[in-house]
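Okay, structure first, notes after.
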Amino acid sequence: MAVPTPLNGKVIIVTGASSGIGKASAIALAAEGASVIIAARRLEKLKEVQDEIQKTGGRALPIKCDVTIREQVKSMVREAESSYGPIDVLVNNAGVFYLTLMKNLKEEQWDETLEVNCKGVNNCIGAVLCGMIDRKRGHIVNITSNVARKGEKCMAVYSGSKFYVEGLSQSLRKELLGTGVKVTCIQPGDTQTDIGSDSNDTEVIILIF
Ligand SMILES: NC(=O)C1=CN([C@@H]2O[C@H](COP(=O)(O)OP(=O)(O)OC[C@H]3O[C@@H](n4cnc5c(N)ncnc54)[C@H](OP(=O)(O)O)[C@@H]3O)[C@@H](O)[C@H]2O)C=CC1
Ligand SMILES: N[C@@H](C=O)C(=O)O
């Protein structure tokens, strides 16, 4: 007989679940009995994660979604709810990271970092929040970073983007007091994933390696 767990039957969205921390989190949550919606841009990778979850008897629904595009996020949440029911937990994990010195003006990387790490978080929260408030329950989990509380060189824009999420979370937590909706930030330590592998600031690469 299956042992009941606190996550049994919960409906949980994990963004950025096609690799790294999001993928590992989705697999772990499904193993605890949650129905997991796995969202990211690379559908083929999401399907591999779904296969891995289903092989051990878990439930996972892959949905292609770019968190920077608000309409795609709303549609992902609609599809998730029509398949699995109301969202209990949103894990805002999708993120990008470039190691770069600000003076080297990697402007496209700055913009992408803010689009994904800040606006993507707004879009995802915006798509689930009213439903959670109406149901008087829900949990928003934001993946930030150690550099969300203390800056480090070569990470100015990334660190700023994660400070943003910490600030948003503190304010939202106060705004939601008494509603039954919780907000949590998690600051993972350094984890070996593909993040940062597209960094191409040669000065940083020379500095670090
Ligand atoms: N690794 C580490 O040391 C640490 C990581 N973190 C944070 O953890 C989170 C996960 O990072 P990690 O697992 O390391 O990195 P990965 O690069 O392995 O994962 C990042 C995920 O984000 C997704 N993603 C990126 N852009 C978008 C987008 N526009 N829309 C939807 N999904 C997107 C990617 O999927 P796809 O490309 O398929 O869209 C991918 O699944 C990030 O927020 C990161 O800042 C925090 C502290 C330490
Ligand atoms: N390693 C950094 C990015 O992934 C971090 O600690 O946030």
Side-chain angles (χ1 to χ4, degrees), residues 7 10-32 34-50 52-53 58-98 111-132 138-145 148 158 161-166 168-169 172 181-188 191 193-198:
L7 293 175
K10 297 284 183 204
V11 177
I12 303 182
I13 294 176
V14 181
T15 68
S18 56
S19 61
I21 293 172
K23 174 180 174 179
S25 303
I27 292 170
L29 292 166
E32 293 291 314
S35 297
V36 189
I37 296 93
I38 45 180
R41 293 165 304 175
R42 289 171 296 168
L43 189 57
E44 64 294 347
K45 291 274 173 203
L46 293 175
K47 286 183 175 161
E48 289 170 19
V49 180
Q50 180 191 33
E52 202 169 328
I53 289 174
R59 286 184 97 199
L61 176 68
I63 304 182
K64 183 176 164 68
C65 173
D66 183 332
V67 295
T68 68
I69 302 175
R70 194 168 293 147
E71 261 322 307
Q72 286 192 16
V73 174
K74 287 182 183 171
S75 147
M76 179 268 290
V77 171
R78 277 195 299 271
E79 187 181 339
E81 297 202 321
S82 73
S83 300
Y84 285 168
I87 308 303
D88 295 300
V89 182
L90 163 69
V91 182
N92 271 316
N93 166 79
V96 295
F97 167 62
Y98 295 99
D111 291 350
E112 186 191 351
T113 303
L114 298 184
E115 285 289 328
V116 179
N117 298 7
C118 302
K119 288 190 191 173
V121 167
N122 292 351
N123 290 341
C124 292
I125 293 175
V128 300
L129 186 58
C130 295
M132 287 181 172
H139 197 163
I140 292 164
V141 179
N142 296 323
I143 306 299
T144 65
S145 167
Y158 175 76
S161 76
K162 294 296 187 176
F163 265 79
Y164 169 87
V165 179
E166 288 279 344
L168 174 150
S169 303
L172 186 59
V181 183
K182 292 185 283 188
V183 182
T184 300
C185 288
I186 295 176
Q187 299 92 15
T191 310
T193 67
D194 289 341
I195 206 165
S197 57
D198 291 336

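- No option in Glu48, Arg42, Arg41, Glu44 other than Arg42 meets the side chain to side chain donor-acceptor pair (under 3.5 Å) test with Ser18.
- Here OG1 of Thr144 is found 6.5 Å from NZ of Lys162. Values are rounded to the nearest 0.5 Å.
- Expressed to the nearest 0.5 Å, how far CD of Glu115 lies from CD1 of Ile69 amounts to 9.5 Å.
- Using a 4.5 Å heavy-atom threshold, the side chains of Leu168 and Ile125 count as touching.
- With rounding to the nearest 0.5 Å, the separation of CD in Gln72 from CD1 in Ile63 is 11.0 Å.
- Separation of atoms CG (Asn123) and CZ (Arg70) is listed at 4.5 Å; rounding is to 0.5 Å.
- Residues Ser75 and Arg78 form a side-chain contact, since some pair of their non-hydrogen atoms from C-beta on lies under 4.5 Å apart.
- Nearest heavy-atom pair, Glu166 versus Ala148, reported as atom, atom and distance to 0.1 Å: CG-CB, 3.5 Å.
- In terms of heavy atoms, Val73 sits closest to Ala127 at CG1-CB, 3.8 Å.
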Donor-acceptor contacts under 3.5 Å from residues 88-97 side chains, at least two apart:
| residue | atom | partner | partner atom | Å |
| --- | --- | --- | --- | --- |
| Asp88 | OD1 | Arg137 | NH1 | 2.4 |
| Asp88 | OD2 | Val11 | N | 2.8 |
| Asn92 | ND2 | Asn142 | OD1 | 2.9 |
| Asn93 | ND2 | Thr15 | O | 3.0 |
| Asn93 | ND2 | Gly16 | O | 3.1 |

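- Looking at heavy atoms from C-beta onward, Tyr158 lies in side-chain contact with Asn117 at the 4.5 angstrom threshold.
- In this structure the side chain of His139 never reaches within 4.5 angstrom of the side chain of Lys10, judged on heavy atoms.
- Lys64 is linked by a side-chain hydrogen bond (donor to acceptor under 3.5 Å, both in side chains) to nothing, counting only residues two or more places apart in sequence or in another chain.
- Closest of all the heavy-atom pairs between Leu43 and Pro62 is CD1-CB, 4.2 Å.
- The structure places CG of Leu61 at 10.0 Å from CG of Leu46, a figure rounded to the nearest 0.5 Å.
- To the nearest 0.5 Å, atom CD of residue Gln50 and atom CD1 of residue Ile38 are 6.0 Å apart.
- Across every non-hydrogen atom of Pro188 and Ile143, the tightest pair is CG-CG2, 3.6 Å.
- Within the 4.5 Å cutoff, no side-chain heavy atoms of Thr193 are placed close to those of Ser19.
- Using a 4.5 Å cut-off on side-chain heavy atoms (C-beta onward), Leu172 and Val181 make no contact.
- A donor-acceptor pair is defined here as one N or O able to donate and one able to accept, closer than 3.5 Å; such a pair exists between the side chain of Ser82 and the backbone of Glu79.
- Taking the side-chain hydrogen bond (donor to acceptor under 3.5 Å, both in side chains) definition, one finds that Thr113 meets it with nothing, sequence neighbours left out.
- Here the shortest heavy-atom pairing between Ser145 and Gln187 reads O-CG, 3.3 Å.
- Counting heavy atoms from C-beta outward, Ile13 and Cys124 have side chains that stay 4.5 Å or more apart.
- Put simply, the side chain of Lys45 never gets that close to the backbone of Ala17: no donor and acceptor are under 3.5 Å apart.
- Between Val14 and Gly22, the shortest heavy-atom contact is CG1-O, 3.6 Å.
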